[in-house]
Protein chains: 2
Amino acid sequence: MKATITDVAKRAGVSMKTVSRVLNNEPNVAEKTRERVKAIALELRYSPNLAARGLATSKSYLVALMYDNPSPNYIAHMQRGAIDACREVGYHLVVEPLSLGSAKTQDEKAQAIRTVLDQLPVDGVILTPPLCDSATVLETLSELRIDCVRVAPKNGGLQPFVAMDDEAAAYQMTQYLIQQGHKRIGFVKGHVGHSATVWRYQGYMKAMEEAGVEASPKIVAQGDFSFESGATAARDLLSLDAKERPTAIFASNDDMAAAIFSVAGQFGIDVPRELSVCGFDDTPLAQVIFPALTTVRQPIYKMGYEAARQLVASKKVGLEPEQILDFEIMIRDSVASPAS
Amino acid sequence: MKATITDVAKRAGVSMKTVSRVLNNEPNVAEKTRERVKAIALELRYSPNLAARGLATSKSYLVALMYDNPSPNYIAHMQRGAIDACREVGYHLVVEPLSLGSAKTQDEKAQAIRTVLDQLPVDGVILTPPLCDSATVLETLSELRIDCVRVAPKNGGLQPFVAMDDEAAAYQMTQYLIQQGHKRIGFVKGHVGHSATVWRYQGYMKAMEEAGVEASPKIVAQGDFSFESGATAARDLLSLDAKERPTAIFASNDDMAAAIFSVAGQFGIDVPRELSVCGFDDTPLAQVIFPALTTVRQPIYKMGYEAARQLVASKKVGLEPEQILDFEIMIRDSVASPAS
DNA sequence: GTGATGATTGACAGCGCTGTCACGTAGACT
DNA sequence: AGTCTACGTGACAGCGCTGTCAATCATCAC
């Protein structure tokens, strides 16, 4: 039914091995032979049987994307990027959610990973936050001798990673707000313990300090990335006296920014005329609220792409163990100059 | 390094074949032998090599989820369900996005599928809309002799499918609105050509007619599931005279419902006091807008789960070729009784 | 006691591919 | 001319598992 390597070999009048060499781009095949075999393979619509190949090479031509519950948006884009990179070299992507609830012991975590990976011996795994920051996960993978690439990890380490510069993004966004003429720029922090929380806040502070604008603690609120926490923060910030009340608020993510919209509406404050708001992440939400939200777009697709590429690229190619990707400031309609 | 079936066989003092029988739950193994082998397999942390097994059985123990660009939320939940079903029986899920842009010819479409499936001979594929409605896709799959299960297809067919009853959901939601005391209930239709558009509209009409409430064409607007189209529709509906203006609007999806929120805000109309709004889909958006949106939750996870289960369940088990899953009306804060 | 029946087990081949190694040939060198 | 290297090629084993089929054993009806 389906063509095998033997069919191609017979037709081309060469040995299986030679066909195999051509298919794998190995050297030491006469150019003429190579062309002929390629043509015939195409004609027969031959494509190698991954199981057989895997058995012979003890490789699986599979890459796993492991994640523990990030947002649908995040994982969908990431996986799309990873898949595209895989396809370029004949790999496929399997997705493996892993629930490492905090209740579990380290041993149980390691066991969970083993269970998944023992069955399916993938050639590499992509680790997204928070998995990429778990020492247990990293150790287990290294015991299993499985390559991995981490996405946006908290800190560097032995394994390669791809990330974006959250601090620089927050810095630029804050600068943009300042350029628009804002002086009292509020900030809503993210979830304590999440690395991005710190970076984003630092970027904000840096821009404020450099511009000589005071970032009074009064206008910096603690959030936790949830809509609810954003609403609470917004109520605090917007209850301030007219003299103190911020003319712009920079939320550490889009959900909280959306909450600020809602609260502003309840307070009868018009966005962006009386209050500018910006967020972080560029979730789909950003474009389905009014006014459209100015926010930071993370290169999620690209991170997935690069992570997978590191894993599947032939080892000869020089790859950087640490890749910092560019973000993009999406300027939309939620920021305006302050009413003077 | 990693234990093989031979290791287990030696240790247990039986043949490889017997171990194989135990592992695959085949009959005709003495209970005592079975126990011993199982114990030893566990002790050695043995797990079969999928590539080898695949080569021998010409099965891959892989299921593919094919999709063409549904929302991140949709695919994330669906794949989670599918993965959970796969794991129960030692299968894994590979994700295969397929861009079948309308520009392509049928042949090119077929080719695209073949390219993906020739390489990775999966045991079954889950087809989400709009792929599940493409005759070309279905035919190609059947030529390749690959099982498939369709998710929410437009119409029945030879292949099994799982779906939910969109019409019933819209019907119930409309009834709920009527129960709250609304008489002038507007409706915003979805994208023309999308099957759900028709069903949802029919459910709405049915409830209106049954209750003897007039569904004037004036208060039914055409949308296309996008935020923008929802905003346009809302502007039309809310510009009507006080006597004609709907006291409630049922949008065919959440994005359009969110747009209605925005426009209402611009018109100075309070939701839900002066205008009730409800949506469809229960996207994450529904909980991050204010007031929280009353909407219909689709059993997306369950559809993924059931679809995968059909594919991986041993054929002996009687499976229904057509499964209609339950939806859920999520009552939140965007619907109230009309101000009389 | 005898043959028939069914349960339990193992030997062996082979799935489709690649790694190893050996062979032949042609040009480069002493 | 003789030796050496490099290249192009193919024969063959074997990756880890399961399907086939035959062998063995216990059991049962007569």
Side-chain angles (χ1 to χ4, degrees), chain A residues 1-38 40-41 44-62 90-92 117-123 314, chain B residues 1-38 40-41 44-62 90-91 117-123 145 314:
Chain A
M1 193 104 308
K2 198 159 172 315
T4 73
I5 212 173
T6 317
D7 301 330
V8 179
K10 271 187 196 146
R11 198 87 121 75
V14 297
S15 72
M16 281 169 55
K17 181 63 211 186
T18 298
V19 176
S20 169
R21 277 195 266 263
V22 173
L23 266 30
N24 294 289
N25 287 314
E26 286 172 31
N28 298 335
V29 178
E31 203 47 45
K32 216 176 140 188
T33 313
R34 195 181 290 275
E35 293 309 326
R36 186 154 38 92
V37 171
K38 273 189 183 169
I40 293 184
L44 261 36
R45 304 192 67 260
Y46 168 77
S47 65
N49 176 318
L50 278 198
R53 187 186 270 200
L55 186 54
T57 54
S58 58
K59 289 176 59 174
S60 62
Y61 298 89
L62 253 26
Y91 269 67
H92 290 258
L117 262 22
D118 273 351
Q119 280 186 43
L120 227 224
V122 297
D123 293 344
S314 56
Chain B
M1 194 105 305
K2 196 160 172 316
T4 73
I5 212 174
T6 318
D7 301 330
V8 179
K10 273 188 194 144
R11 197 88 120 75
V14 297
S15 72
M16 281 170 56
K17 182 63 214 185
T18 298
V19 176
S20 170
R21 283 194 183 89
V22 173
L23 266 30
N24 294 290
N25 286 313
E26 285 173 32
N28 297 334
V29 177
E31 204 47 45
K32 214 176 142 191
T33 314
R34 196 181 286 277
E35 293 310 327
R36 186 152 39 92
V37 170
K38 272 188 182 170
I40 293 183
L44 261 36
R45 304 191 69 258
Y46 168 77
S47 65
N49 177 319
L50 277 199
R53 186 186 273 200
L55 187 54
T57 54
S58 58
K59 290 177 57 175
S60 62
Y61 299 88
L62 254 25
Y91 269 67
L117 261 22
D118 274 351
Q119 281 185 41
L120 226 224
V122 296
D123 293 343
R145 298 169 182 291
S314 58

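Both backbone and side-chain heavy atoms feed into the values below; hydrogens, waters and symmetry mates do not. Nothing here was measured: the structure is a model prediction, and the numbers come from that model. Throughout, a chain's letter reflects where its sequence line sits, starting with A, and its residues are numbered from 1.
Rounded to whole Å, atom C1' of dT20(C) lies 14 Å from atom CE of Met16(A). Per the geometry, CG belonging to Leu50(B) stands 11 Å off C1' belonging to dG16(D), to the nearest Å. Protein atom CG of Asn49(B) is 13 Å distant from nucleotide atom C1' of dC15(C), rounded to whole Å. For the pair Arg53(B) CZ and dC17(C) P, the interatomic distance rounds to 21 Å; values are reported in whole Å. Remark: P of dC17(C) and CG of Leu55(B) are 9 Å apart, rounded to the nearest angstrom. For the pair Lys32(A) NZ and dG8(D) C1', the computed distance is 14 Å after rounding to whole Å. Going from atom CG of Leu44(B) over to atom C1' of dG16(D) covers 15 Å, rounded to whole Å. Atom pair Glu31(A):CD and dG8(D):P shows a separation of 9 Å (rounding to whole Å applied).
Nucleic acid contact for Ser58(A): none, since no nucleic acid atom lies under 4.0 Å from a heavy atom of the residue. Thr57(A) comes within 4.0 angstrom of sugar-phosphate atoms only, judged by non-hydrogen atoms across all strands, and of no base.
In terms of heavy atoms, Met16(B) sits closest to Ile5(B) at CE-CG2, 3.6 Å. Between Ala51(B) and Leu55(A), the shortest heavy-atom contact is CB-N, 3.9 Å.
Side-chain contact between Leu120(A) and Leu50(B): present, with at least one pair of heavy atoms (C-beta onward) separated by less than 4.5 Å. A 4.5 Å side-chain heavy-atom check between Asn25(A) and Arg34(A) finds at least one atom pair inside the cut-off. Counting heavy atoms from C-beta outward, Val122(A) and Leu117(A) have side chains that approach closer than 4.5 Å.
Using a 4.0 Å cut-off, some side-chain N or O of Tyr46(B) falls inside it from OP1 or OP2 of dC17(D). Dashed line: the shortest gap from a side-chain N or O of Ser20(A) to OP1 or OP2 of dT18(C) is under 4.0 Å.
Note on the helix from dG1(C)-dC30(D) to dT30(C)-dA1(D): terminal axis deviation equals 40°, with five pairs used at each end and the result rounded to 10°.
Of the residues near DNA chain C, Lys17(B) and Ala52(B), the one whose nearest nucleotide (by heavy atom distance) lies more toward the 5' end is Lys17(B).
Looking at residues two or more places apart in sequence or on another chain, you find no ring-ring contact (aromatic ring centres under 6.0 Å, His included) involving Tyr46(A). With sequence neighbours left out, the side chain to side chain contact (heavy atoms under 4.5 Å, CB included) criterion links Glu26(A) to Lys17(A), Arg21(A), Asn24(A). Judged as a side chain to side chain contact (heavy atoms under 4.5 Å, CB included), and not counting sequence neighbours, the contacts of Thr33(B) are Val14(B), Thr18(B), Val29(B), Ala30(B), Arg36(B), Val37(B).
Each of dT18(D), dT9(C), dC17(C) was ranked by its minimum atom distance to the side chain of Thr33(B); first place goes to dT9(C).
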Summarise protein proximity over nucleotides 22-28 of chain C in one line of letters, 5' to 3': B for base, S for sugar-phosphate only, - for none, counting protein heavy atoms closer than 4.0 Å.
-------
Within the sub-3.5 Å range, which N or O atoms of nucleotides 22-25 of chain D have a protein N or O partner, and how far apart are they?
none

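Residues of residues 23-30 of chain A having a heavy atom closer than 4.0 Å to DNA chain C, listed by number: Asn24(A), Glu26(A). Remark: Thr4(A), Ile5(A) in residues 4-15 of chain A come within less than 4.0 Å of DNA chain C through at least one heavy atom.
Residue pairs meeting the salt bridge (Lys or Arg N to Asp or Glu O under 4.0 Å) criterion with at least one member in residues 44-56 of chain B, sequence neighbours excluded: Asp118(A)-Arg45(B).
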